[in-house]
Structures are given as structure tokens and as C-alpha cells.
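For reference, the structure is listed below as C-alpha cells.
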Amino acid sequence: MASRPLVLFDDLGSSRPTTRGVASLVKAGGTAALTAAERRADEARYQEVTCRSALNRVQGMPFDWTLNPYRGCTHGCHYCFARRYHVQFEMNSDDEFASVILVKRNFVEVLQRELDRPSWTRELVALGTATDPYQPIEGHYRLTRGSIEALARGRTPIGLVTKGPMIVRDRDVLMELSRAAGCTVHMSVPTVDEDAWRILEPGTAHPLQRLRAVRELVDAGINAGVLMAPIVPGFSSSRSKLERTVKAIADHGARFVGCNVMYLQDGTRSHFMKFVEREFPSMGPRFERLYVRKYPPEAYRKEIQAMVRVLQQRHGLIGREDRRNEDRRNKDKDAEGGREHEGASGPEQVGFAW
Ligand code: SF4
């Protein structure tokens, strides 16, 4: 990653607003009202904020707690699920999501206080669910690194999602946390196809650079794998692209791989559809047809997932233990009556060219 000139923000002092204060400012005067936001070499503006809490309780997810030291993400992936959250700060889910980043300056101190509470039960925390904790600005603020150090002291396990190879700099603290409580790194590499990468993830590191980071983490003894998520219909969903991606993941020694097809909701949906209409107008009607709901039809998703599973087996990414776990999950699912994923309702025809 190219080095960036360091700008020190330490003396902004008490002028730092809360996130709610930022929302009020922007509501009144647009992002131009963020006069203390610093513009950096990457053209993004960074607004320091004061946070009141760090650990965030969530519902309906595979985890109960999340941590996000930043809001917004200069990686600017067009499918990003977190785009819709920027609307909470009165900003749009388009350019402003990738160019106005909120930096929770006191994040580590607040987190440490929360972890020190006797009532904290050291449940699993998901790091990076609404931003990338290793987007370039982390190189300056190191809030993610500070958080991992605090979590290791607080013996709290994490699952971390990122597209930032910068994570390898923190191998030492990730190892410390692995020993103290547990740590799993999910590197997001939806595809190794260069065209799809350039089009869909304009601010991210090359997919192979991300996979090399996975290799380095695994070699250091960290439980690191890859999320092929999201697979974007028409851009990264062909069998040949899936196969190249799964093979590259296997070649880089990932300990596990998961996949999911893109879902579109609220601000993410409106941004993605505008992007398609602008850049790939001929694909628009097909996306409208495929995304009547948040997800494509169940049958389409199953087809993609089945294809990835076959490729994983072919390239040795599903071991015996994984297969046992999968059998167990299928049995549990049967026992629940084959309940379908949210948004799906009964059998549907695939019938799509993608
Ligand atoms: S790296 Fe993650 S958080 Fe950042 S824009 Fe891409 S999908 Fe969103």
C-alpha cells in the first residue's frame, strides 16, 4: 500500500462532535458543515468524532456484539452492505459513504472501560461489520490495533472481516488475542477476476495481495480464511471465475472459505442500481428481475453455493471435519423443517442467464 503523508490531528481537542452531533450538522448544512474534517492525500475527508460506547449489541446475526472504530469506507465497494448505514448520519450512501469517514477518536479508551466492567461476559465480538477496520486511515490512527490489544487484555474472542492487507502488520497482537481468547480473520476476496475487482471494489488492494496476507497470517499461526462474499451475479458468478477464485484461495493456504451471493437493501440497493444503470445499462433489467427481494431467489443462491462447494471439494478446501459439520448442519436444518432464509417464500425457478 502506498505510504501517505502523516497529518496529526491531536490538537483538535474538544471541538470533536459526537456521531449524533455530526448527523445534526450535516442535516443543517450538508457535509460542507463538517469544517473540522481533514482532507487527506486520498481526497477523502476524515471527521474525528467522540463516541460514547464502543461495543454495539445487535440482533438477528450469528454474533451479539459488533465493533466499528470508523464509519464509512474509502474502499468504496459498490455492493457494500454498510452503505445504507451512512444514511443514519444524514449522508448519502453514494459518494459520501466512501469520501466522508468518521473516526471515533476515543474508541479504544471507551472499549477498554467497557471490557473492564465486571458485567462483561466475554462473548464473541465481530469486528468490521459496518466499515473496513483496515482501510488506509488505520495506518495513521491505529484504532483497530488498539482495540485488538484491549480485547486481548479483556480476554474477549473476535471474528474480524477485512479487505485490507495492512492486517499483517498486526500479526503480533492477533497472535496475542488468539492465545488469550480466540481470533478468526475472514479476508474478503469475492473474486480474483481483475475486471470484476476493478469495477466493483475500486479502492481495495488487489485480490492476490489479500490472499498473500491470508498466507502470512496462517503461517503466523492465526486462524485465517476467506469469504467469497459477495458473489455478484453477472460480474463474478460464472463457473470459470468461481473456479479461478477457489483455486487461488486453496493455493494460498486459507484455513476455511465461505461464500454468499450479494444482497441489496435500502441505500445499498439504490446505490448499486444507480451504478449499474450508469455504467452497465444493458444489465439493469436483469438485476431488477433477479433482485425483486433483498436476495436473488433461493434456487439461484443454492445453485451458486452448490457450485462453490463442488469447487472447494475439488481443490481440497473441504476437509473431513468440515463435511462432518456440514452434515450436522443439514440434519439440524431438516429437523427445523427446512426453514428457508429470510425473504424467500417457497420454491422458485432459476431461469436466469447468470
Ligand atoms: S471494504 Fe467492506 S466495508 Fe469497505 S466498502 Fe468494501 S465491503 Fe464496504
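Indexing begins at 1, ligand by ligand and atom by atom, following the structure's order. In this text the structure is predicted, and so the values were computed from the model without any measurement.
- Applying the 4.0 Å criterion to heavy atoms of Thr131 picks out, from ligand 1, the atoms 3 (S).
- With sequence neighbours excluded, no residue satisfies side-chain hydrogen bond (donor to acceptor under 3.5 Å, both in side chains) with Asn106.
- The residue Val161 has no part lying near ligand 1, judged by heavy-atom distances below 4.0 Å.
- Aromatic ring orientation, His86 versus Phe97: perpendicular (interplanar angle above 60°, classes split at 30° and 60°).
- Taking Ile, Leu, Val, Met, Phe, Trp and Tyr as hydrophobic and joining them when side-chain heavy atoms fall under 4.5 Å apart, one finds Val161 in a cluster with Leu227.
- Listed by chain and number, Cys77 SG are the protein N/O/S atoms closer than 2.8 Å to atom 6 (Fe) of ligand 1, with waters left out.
- With sequence neighbours excluded, the residues forming a side-chain hydrogen bond (donor to acceptor under 3.5 Å, both in side chains) with Thr121 are Glu123, listed by chain and number.
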inquiry  = Set out, in order, the CA-CA distance, both residues' side-chain angles and the distance that settles side-chain hydrogen bond (donor to acceptor under 3.5 Å, both in side chains) for Tyr85 and Asn68, then state yes or no.
reply    = CA-CA 12 Å; Tyr85 301 139; Asn68 290 291; over 6 Å; no
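- Defined by atom type and a distance below 3.5 Å, a donor-acceptor pair is missing between the side-chain atoms of Thr156 and Trp65.
- A cation-pi contact, defined as under 6.0 Å to the ring centre and within 45° of the axis, links Arg301 to Tyr295.
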